[in-house]
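Below is one structure; the comments refer to it alone.
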Number of protein chains: 2
Amino acid sequence: MNDDAMDLRARNRQATREAISHSALRLAIEQGPHGLAMVRVHDIATAAGVSPRTYNNYFSSREEAICSFQADQSRRVGQALRSRPAGEPLDQAVIAAVVELYTDPEPDKAGLRMIMSTPALEGEALKAFSMAEGPLAEAIAARTGADLSRDLFPAVTAAAVAGAIRVAGRRWLEPGNTDAFAAILRRALSCVLPAGPAEDQRDR
Amino acid sequence: MNDDAMDLRARNRQATREAISHSALRLAIEQGPHGLAMVRVHDIATAAGVSPRTYNNYFSSREEAICSFQADQSRRVGQALRSRPAGEPLDQAVIAAVVELYTDPEPDKAGLRMIMSTPALEGEALKAFSMAEGPLAEAIAARTGADLSRDLFPAVTAAAVAGAIRVAGRRWLEPGNTDAFAAILRRALSCVLPAGPAEDQRDR
DNA sequence: CGCACCAGGTGCGCGCCACGCAAGTTGTGG
DNA sequence: CCACAACTTGCGTGGCGCGCACCTGGTGCG
């Protein structure tokens with residue numbers, strides 16, 4: 001996050017990674033979902049100002065490079081939940097954390113549309129969204145006092161939340177939609193979030 | 001399903017597809033999660049008794065071939081829910097449908113472990129599980145009278161159910177686990193299923 | 001019953017891609 | 001100032017996805 005918290009090496013590395021990811025996404029959007037096959041690795045690397053060989057020191061496929069911005073976003077969900085006040089009920093905390101993370105700034109609609117409506121990116125996009133699950137499950141367990149290795153509740157809820165975010169994104173991108181992303185997110189999340197971890201949902 | 005409901009062409013096609021899928025999974029399991037790269041397309045095709053060219057008339061990647069059994073399973077979830085009695089509450093119907101589908105017969109533990117614990121298969125495995133979502137959302141909408149194009153509840157719940165199945169599978173495969181898959185599935189699903197579609201969870 | 005038709009299997013070839021290897025280059029710490 | 005470590009890059013290799021054209025065998029029609 002804080003560039004000056006890293007040494008020059010790390011900052012350059014981060015910058016290179018972002019340059020590649022950004023170029024990959026931009027070129028993909030330019031070609032549209034149906035022309036993905038025309039986006040060559042060589043083009044991405046050149047646009048990012050590196051050699052093709054370097055591109056694949058960072059990403060092992062075009063799909064991964066294109067979707068990496070979403071993967072990064074997902075990785076932040078756990079931390080976002082942890083930064084909510086401790087007393088807040090689980091459902092409110094999760095909703096607040098997710099809405100804040102996903103609406104500041106408003107996500108890139110073209111990018112989201114690209115990764116969510118391109119068949120060839122489907123697997124990688126699902127991977128990207130599911131990257132939230134691990135950290136999120138840990139954060140939920142920490143907040144509710146559940147035991148990740150015994151209770152199913154944290155991991156299942158985390159998966160449900162990730163799924164809800166994905167469905168909300170799909171709905172937000174639908175042609176006729178006029179609602180704000182935040183509103184859709186709240187509605188989607190409230191479908192899967194209990195007020196708190198009810199005792200009868202803990203196991204063993 | 002019913003082989004004799006299809007003409008010879010379709011049956012041969014189906015048989016070829018299954019032969020390839022089965023060979024792919026078997027070879028992958030033999031090499032284990034860390035030797036996936038050694039499973040060549042040529043080996044899969046030969047083991048299935050077809051040419052490499054034919055293999056990729058059916059699947060466009062090894063990953064897809066290996067995970068196709070799970071994709072097929074997921075595609076049946078919607079129909080399984082529809083075959084539950086109409087009066088049954090949503091949560092019970094979904095749990096019963098999923099448990100029946102996933103425990104008759106008991107799933108291939110080695111196969112499930114292969115696709116769920118091999119990093120190179122992660123994207124394809126997620127795709128396979130998420131294939132349940134569309135048909136399942138339709139079935140939920142049909143059962144609850146919700147409108148798929150307006151309400152978020154069906155799609156979000158379907159995604160949550162798919163996620164719960166995935167988490168249950170992961171837990172079932174854990175080394176120390178002694179519980180039956182059915183029991184884990186029930187617990188996981190009950191974390192995300194409301195007793196019924198509460199009115200305040202319908203939107204608009 | 002026989003024939004024309006077409007779905008599907010196969011061989012061939014092309015372009016692309018992931019990745020190991022061995023330099024060359026640049027930041028870092030003593 | 002120097003030795004080391006991290007990173008970039010060019011090259012070579014093996015494999016893969018897929019378009020194309022050809023062949024074979026199931027199908028439906030007269």
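Numbered from 1 within each chain, the chains take letters A, B, ... in sequence-line order.
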Does anything in residues 105-120 of chain A pair up under side chain to side chain donor-acceptor pair (under 3.5 Å), and if so which pairs, sequence neighbours excluded? none

Could you state the CG-C1' distance from Asn57(A) to dC17(C), rounded to the nearest angstrom? 14 Å

Exam field: side chain Thr54(A) to backbone Val50(A), donor-acceptor pair closer than 3.5 Å: no

Output yes when a side-chain donor or acceptor of Tyr55(B) lies under 3.5 Å from a complementary backbone atom of Ser60(B), and no otherwise. no

Sub-3.5 Å donor-acceptor pair from the side chain of Arg26(A) to the main-chain atoms of Ala47(A), do we have one? no

Determine, for nucleotides 25-30 of chain C in 5'-to-3' order, which nucleotides have protein heavy atoms under 4.0 Å from the base (write B), from only the sugar-phosphate (write S), or from neither (write -). -BBS--

Walk me through whether Leu90(B) and Val94(B) qualify under side-chain contact (heavy atoms from CB on, under 4.5 Å). CA-CA 6 Å; Leu90(B) 180 65; Val94(B) 170; 3.8 Å; yes

Hey, can you pull the residues of residues 46-55 of chain A with a non-hydrogen atom under 4.0 angstrom from DNA chain C? Arg53(A), Tyr55(A)

Going by side chain to side chain contact (heavy atoms under 4.5 Å, CB included), name the residues that satisfy it together with Glu124(B), two or more places apart in sequence or in a different chain. Glu63(B), Glu64(B), Cys67(B), Lys127(B)

From the 5' end of DNA chain D to its 3' end, which nucleotides mark the outer limits of contact with chain B, defined by a 4.0 Å heavy-atom distance cut-off (strictly under)? dG15(D) to dT27(D)

Which heavy atom in Val156(B) sits nearest to a heavy atom in Ala164(A), and how many Å separate them? CG1-CB, 4.0 Å

Identify whether any heavy atom of Phe59(B) sits under 4.0 Å from a base atom; if not, whether one sits that close to sugar-phosphate; answer base, sugar-phosphate or nothing. nothing

Test side-chain contact (heavy atoms from CB on, under 4.5 Å) on Met116(A) and Glu122(A) and set out the steps. CA-CA 7 Å; Met116(A) 292 197 70; Glu122(A) 192 184 344; over 6 Å; no

Backbone of Arg150(B) reached by a side-chain donor or acceptor of Arg171(A) within 3.5 Å: yes

So, does Arg76(A) use its side chain to make a donor-acceptor pair with the main chain of Ala132(A) at under 3.5 Å? no

Arg187(A) side-chain N/O to Ala168(A) backbone N/O, donor-acceptor pair under 3.5 Å: no

Would Gln70(A) and Met131(A) count as a side-chain contact (heavy atoms from CB on, under 4.5 Å) here? Give the steps. CA-CA 9 Å; Gln70(A) 184 57 52; Met131(A) 287 205 164; over 6 Å; no

Calculate the interatomic distance between Tyr58(A) atom OH and dA18(C) atom P; express it in whole Å. 16 Å

I'd like to check the ring pair (Phe, Tyr, Trp, His ring centres under 6.0 Å) partners of Phe181(A); sequence neighbours left out, ordered by chain and number. Trp172(A)

Please check if the side chain of Ser74(B) supplies one atom and the backbone of Ala128(B) the other of a donor-acceptor pair under 3.5 Å. yes

Please determine if Arg170(A) and Glu174(A) form a salt bridge, counting it only when a charged side-chain N lies under 4.0 Å from a carboxylate O. no

Exam field: side chain Thr103(B) to backbone Ala182(B), donor-acceptor pair closer than 3.5 Å: no

Which residues satisfy the side chain to side chain contact (heavy atoms under 4.5 Å, CB included) test with Asn57(A), sequence neighbours excluded? Arg53(A)

Per the end-axis method with five pairs at each terminus, what is the bend angle of the helix from dC1(C)-dG30(D) to dG30(C)-dC1(D), to 10°? 30°

Nucleotide N/O to protein N/O under 3.5 Å, stretch nucleotides 22-24 of chain C:
none

Short question: side chain of Ser21(A), backbone of Arg17(A) - any donor-acceptor pair under 3.5 Å? no

Could you identify which residues of residues 16-36 of chain B place a heavy atom less than 4.0 Å from some atom of DNA chain C, listed by residue number, or say none? Thr16(B)

Residues in residues 116-125 of chain B with a heavy atom under 4.0 Å of DNA chain C, by number, are none

Show, in sequence, the C-alpha distance, side-chain angles and deciding distance for Leu126(B) and Phe129(A), and conclude whether the side-chain contact (heavy atoms from CB on, under 4.5 Å) test is met. CA-CA 10 Å; Leu126(B) 287 167; Phe129(A) 280 103; over 6 Å; no

Apply side chain to side chain contact (heavy atoms under 4.5 Å, CB included) to Arg40(A) and list each qualifying residue two or more places apart in sequence or on a separate chain. Asp43(A)

